Amino acid sequence: MSTLTAHFDVPIGPDSPRTARKAVVSVLQVWGYADEGWAADVAVVVSELVTNAVQHGAGSVVLEIEAYGDQVIVSVADGSSVVPRRREPDGRGGRGLALIEALTRRWHVEEHQGGKRVRAEIQGYPEPGGPATEAGSGREHP
């Protein structure tokens, strides 16, 4: 099985997260990742990563997707070397990293061309004929 990859330069602006979500979900559908609940989880992760890069990063924002079987990795790079950290939620945000932690197997930050890249390994794609998932959650019904 080969690795599929996609690379996007994300236009900076208030629509960046929405644009990135739509692009990623479309690419995943073309690649055969059709489970809507799982794709909704991926969209949340993408939205949070891009939002953080636009709000707290510097320079351009680059989004990459890698897929191999049931493993999908989403990476967002920006020009800032400041590492994201969890903070107490308030009226302006603070929930993004908690969501990313809840919806991924793991995530980490690495140096990337003078800035940083945040890589998030998405929880496994549901196998065909596997247990039913809650709409928009990617998690099994209890």
Side-chain angles (χ1 to χ4, degrees), residues 1-89 92-142:
M1 185 175 286
S2 64
T3 300
L4 301 168
T5 61
H7 173 103
F8 302 95
D9 295 318
V10 179
I12 304 294
D15 292 334
S16 298
R18 181 175 53 98
T19 301
R21 277 193 313 269
K22 290 171 100 176
V24 168
V25 170
S26 294
V27 166
L28 290 172
Q29 287 174 342
V30 168
W31 289 348
Y33 294 88
D35 184 89
E36 290 181 14
W38 181 84
D41 285 352
V42 175
V44 169
V45 171
V46 168
S47 184
E48 294 301 331
L49 291 175
V50 170
T51 296
N52 285 345
V54 169
Q55 289 181 348
H56 307 293
S60 62
V61 174
V62 176
L63 169 64
E64 296 178 332
I65 313 163
E66 303 167 45
Y68 180 82
D70 74 342
Q71 180 166 321
V72 173
I73 299 171
V74 175
S75 303
V76 175
D78 65 60
S80 171
S81 61
V82 176
V83 175
R85 62 177 177 78
R86 286 183 81 168
R87 62 183 177 91
E88 283 298 313
R92 295 183 45 215
R95 293 170 186 82
L97 290 181
L99 283 170
I100 290 167
E101 288 172 0
L103 297 174
T104 63
R105 284 187 182 139
R106 61 184 170 176
W107 68 277
H108 69 278
V109 181
E110 56 192 29
E111 182 187 354
H112 181 73
Q113 300 177 354
K116 69 176 168 302
R117 176 169 48 197
V118 181
R119 293 177 53 87
E121 183 180 319
I122 308 300
Q123 295 184 15
Y125 184 74
E127 300 220 8
T133 59
E134 298 175 34
S137 77
R139 289 176 287 283
E140 295 179 16
H141 287 290

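Quantities reported herein were computed from a predicted structural model and do not represent experimental measurements.
- Within the 4.5 Å cutoff, side-chain heavy atoms of V72 are placed close to those of W38.
- Remark: side-chain polar atoms of T3 are not paired, donor with acceptor, to backbone N or O of A67 under 3.5 angstrom.
- Taken from CG in L97 to CG in N52, the straight-line distance is 5.5 Å, to the nearest 0.5 Å.
- Taking all atoms of both residues into account, the shortest heavy-atom contact from H112 to A77 is CD2-CB, 3.5 Å.
- Contact between S16 and V10 at its shortest, heavy atoms only, is CB-CG1, 3.9 Å.
- Screening L4, D35, V74, V42 for a side-chain contact (heavy atoms from CB on, under 4.5 Å) with L28, the sole residue that qualifies is V42.
- Only one option out of V44, L49, V50 pairs with V46 in a side-chain contact (heavy atoms from CB on, under 4.5 Å); it is V50.
- Closest of all the heavy-atom pairs between V25 and A39 is CG2-O, 4.0 Å.
- Residues V76 and V61 form a side-chain contact, since some pair of their non-hydrogen atoms from C-beta on lies under 4.5 Å apart.
- To the nearest 0.5 angstrom, E64 atom CD is 9.5 Å from D9 atom CG.
- By the 30° and 60° cut-offs, the orientation of the rings of Y33 relative to Y125 is perpendicular.
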Check the pair V62, H7 against side chain to side chain contact (heavy atoms under 4.5 Å, CB included), reporting the backbone distance first and the verdict last. CA-CA 7 Å; V62 176; H7 173 103; 3.2 Å; yes
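- Pairing each heavy atom of G59 with each of I12, the nearest pair is O-CD1, 4.0 Å.
- From I122, atom CD1 reaches atom CD1 of I73 across 9.0 Å, with rounding to the nearest 0.5 Å.
- Nearest heavy-atom pair across E121 and T104 is O-CB, 3.2 Å.
- Looking at S75 and R117, their side chains never bring a donor and an acceptor atom within 3.5 Å of each other.
- Side-chain contact between T5 and E66 is present, with heavy atoms from C-beta onward closer than 4.5 Å.
- Nearest approach of R21 to S47, heavy atoms of both residues: NH1-OG, 3.0 Å.
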Any chance you could lay out the side chain to side chain contact (heavy atoms under 4.5 Å, CB included) test for V27 and F8, step after step, and finish with the verdict? CA-CA 11 Å; V27 166; F8 302 95; 3.6 Å; yes
